[in-house]
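Working notes, beginning with the structure itself.
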Amino acid sequence: MGETADLVVVGAGPAGLAAAVTTLAGGLNVALVDSGTAVGGQYWRHPPDHARSAISTADLHHGLRVYRALRRALSTARARGRLDLRLAHHVWSVTRDDDGFTVYAVDRRRAPEETAVALRAPRLLVATGAYDRQLPFPGWDLPGVLTVGGLQALLKGGGVAAGRRVALGGTGPFLLPVAAGLASRGVEVVAVCEAAGPSAWLRRPGPLLRNPAKWAEGARYGLTLARHGVRLYPRTAIVAADGTDRVSSVRIASLAPDGSPRPGTERRVEVDAVGVGWGFTPQLDLLVPLGCQLTDSGDGNAVVAVDTGQRTTVPGLYAAGEVCGVGGARLSLAEGRLAAGSVLADHGAAPVPGRRRLAAARATVAGQRAFARAMARAHPIPPGWAKWLTDDTVLCRCEEVTAGAVRAARADCGASDHRQVKQLTRAGMGWCQGRTCGPAVHCLVAPHRPYAPTERLVATPVTLGVLADLDDAGENTRRSST
Ligand SMILES: Cc1cc2nc3c(=O)[nH]c(=O)nc-3n(C[C@H](O)[C@H](O)[C@H](O)COP(=O)(O)OP(=O)(O)OC[C@H]3O[C@@H](n4cnc5c(N)ncnc54)[C@H](O)[C@@H]3O)c2cc1C
């Protein structure tokens, strides 16, 4: 298994792209790995290259000029043999030794065929982003109930609207682009239920006023929604979904100040699809087993602790983007550039970007992190959310563990975090390994502590065949990069 690059970057979203392009500009050889079929991550999610001419999604995007410039830089570096781009490669484990890191991935370009790949480098940059945080409710496991991110991924990644009459719920500004995107594609968005009230931002308007780009973006979404007659209901939540084979209606209720549904306010709305999201959970699967120190991000999540140059507490390991805290694409881009600056400095390579651009990136990071903290304060998980759970609401869908079983684990056995609940009830032991239910179980039993995922040695399900192939992985690596 030879060393294949000076740096492996895992994740080709805004953070990973900015880091890869900057380190390439500094003269390093880089391997950029992503489980998706196109670069861009969640923010610039695109259809796979072979389908792009047939599916137009440009109207759903922002900042495409930056995205195109990053792609051009990648193409140039690839043509010069300096970039090893690995799309449809899912990294399932990383190990560290004295010489650096071995990154184990499964190559799914010819799925269902899977091939083991191992990449080595003295330095590793993890930019694996985040995913939708879910709070279960009765009926959330019906077909047609998706995450808001899932609805958007279908739209941006395939030009597909998941329904004709859709309700959205949860909290946070992300509800707005999804509602606007669906409405502009002809979907009837019957309600956008935002659990927070507008006064949350008005009480502390500073971070919003200092970020005119954010309120301008919000205003654009507001105009689109107004044009399509989409109504936004503040202090309201989707508290149940009903249907037989799939969702046919949702129940919507006004929320009391503690976030519990106000009695007598519940009403039924007919839909054929639902999208729900309660902010995001950083994807720390690869970082936790490497022993990185974590820190509280203030939005209910633990995130990886980094210094001002995005170095983690593990030598040679850097992190950028939403694994360091959820705060939007602009923050991720700036953190990617800062991380790249540190990689180049630690490698003894040309200082790209120069001092001025690094200072500008640091200022952006400071401003965007302040905005992210304000966003977390304005859009918290409502403390009374668990009141809409019935005892038979399923929390862990893989192992079919109910809210009643989790409550009993807490009340009868004293379970005080999701790990103990897992040992007592099997919640989090199934196929998704707690990625979906972990944050929800945590919010139920330990709402005042930040959620950190359990250490998992395998970050994505892999076949026994891939494990058996590991000895050949070095050979596969050389074959597929030629
Ligand atoms: C579903 C979803 C939709 C979003 N849409 C918007 C939006 O429309 N507008 C907005 O402002 N913000 C949006 N966000 C927030 C958005 O994630 C960020 O602002 C921005 O994309 C973060 O950039 P990033 O580089 O940190 O991570 P991401 O963009 O999430 O990129 C991370 C990349 O890492 C890859 N990855 C993760 N794990 C592995 C692994 N084990 N192996 C290989 N590759 C891996 C992923 O495939 C992904 O491409 C969205 C977030 C989510 C979760």
Side-chain angles (χ1 to χ4, degrees), residues 8-20 31-46 57 60-63 67 70 85-94 103-108 117 119 124-134 146-157 172-182 213-214 217-218 221 275 277-287 289 303-304 310 319-337 339 368 371-372 375 435 456 458-462:
V8 175
V9 178
V10 184
L17 284 176
L32 175 59
V33 190
D34 199 291
S35 52
T37 50
V39 299
Q42 303 288 4
Y43 185 66
W44 286 315
R45 182 184 285 277
H46 280 82
T57 57
L60 301 169
H61 285 283
H62 298 281
Y67 170 72
L70 290 166
L85 179 61
R86 305 283 185 138
L87 295 177
H89 279 57
H90 205 136
V91 177
W92 58 271
S93 185
V94 179
V103 175
Y104 296 95
V106 50
D107 174 356
R108 292 183 169 143
V117 168
L119 302 167
L124 172 68
L125 198 155
V126 175
T128 45
Y131 61 99
D132 292 89
R133 180 163 56 187
Q134 288 301 290
L146 285 86
T147 64
V148 271
L151 281 176
Q152 197 204 44
L154 287 171
L155 206 57
K156 279 184 173 177
F174 183 45
L175 294 174
L176 301 180
V178 180
L182 290 168
K214 295 276 187 198
E217 190 181 341
Y221 295 137
W278 296 91
F280 300 108
T281 301
Q283 196 131 270
L284 303 180
D285 298 3
L286 302 177
L287 292 157
V303 295
V304 65
Q310 304 295 132
E322 302 212 313
V323 288
C324 306
V326 171
R330 206 169 151 225
L331 176 59
S332 291
L333 280 167
E335 288 185 351
R337 288 187 190 113
Q368 296 301 302
F371 182 82
M375 186 170 69
R435 279 178 197 83
R456 304 178 193 106
V458 177
T460 181
V462 285

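Indexing begins at 1, ligand by ligand and atom by atom, following the structure's order.
- For atom 45 (C) of ligand 1, the nearest non-hydrogen atom of the protein is Ser35 OG, 3.6 Å.
- Here the heavy atom of the protein found nearest to atom 28 (P) of ligand 1 is Gln42 N, 3.8 Å.
- With distances taken over non-hydrogen atoms, the option nearest atom 23 (O) of ligand 1 out of Ser332, Gly336, Ala105 is Ser332.
- In this structure, the protein non-hydrogen atom closest to atom 52 (C) of ligand 1 is Phe280 CE2, 3.4 Å.
- Annotation: atom 6 (C) of ligand 1 to nearest protein heavy atom, Phe174 CE1, 3.4 Å.
- Nearest protein heavy-atom contact of atom 31 (O) of ligand 1 is Gly13 CA, 3.4 Å.
- Residue contacts with ligand 1 for Ala459 are absent, since no atom lies close enough (heavy atoms, distance under 4.0 Å).
- Protein heavy atom in closest approach to atom 47 (O) of ligand 1: Asp34 OD1, 2.7 Å.
- Per-residue contacts place Lys156 under 4.0 angstrom from the following atoms of ligand 1 (heavy atoms of the residue considered): 7 (C), 8 (O).
- For ligand 1 and Gly321, the ligand atoms under 4.0 Å from any heavy atom of the residue are 26 (O).
- The distance criterion of under 3.5 Å between nitrogen or oxygen atoms is met by Pro14 with respect to ligand 1.
- Going from atom CG of Leu60 over to atom CG of Leu155 covers 5.0 Å, rounded to the nearest 0.5 Å.
- Gln134 contributes no side-chain N or O that, together with a main-chain N or O of Trp278, makes up a donor-acceptor pair within less than 3.5 Å.
- Scanning the protein heavy atoms around atom 27 (O) of ligand 1, the nearest turns out to be Gly129 CA, 3.3 Å.
- For ligand 1, the polar-atom distance check finds no N/O of Asp132 at less than 3.5 Å from any of the ligand's N/O atoms.
- Protein heavy atom closest to atom 16 (C) of ligand 1, with residue, atom name and distance, is Glu322 OE1, 3.6 Å.
- Counting only non-hydrogen atoms, the option in Trp92, Tyr43, Tyr131 that gets closest to atom 12 (N) of ligand 1 is Tyr43.
- Contacts of His62 with ligand 1, taken as heavy-atom pairs under 4.0 Å, are absent altogether.
- The line from OG1 of Thr37 to NE2 of His46 is 11.5 Å long, rounded to the nearest 0.5 Å.
- Looking at Ser332, its side chain never comes within 3.5 Å of a backbone N or O of Pro14 through a donor-acceptor pair.
- Under 4.0 Å from ligand 1, the heavy atoms of His89 that appear belong solely to its backbone.
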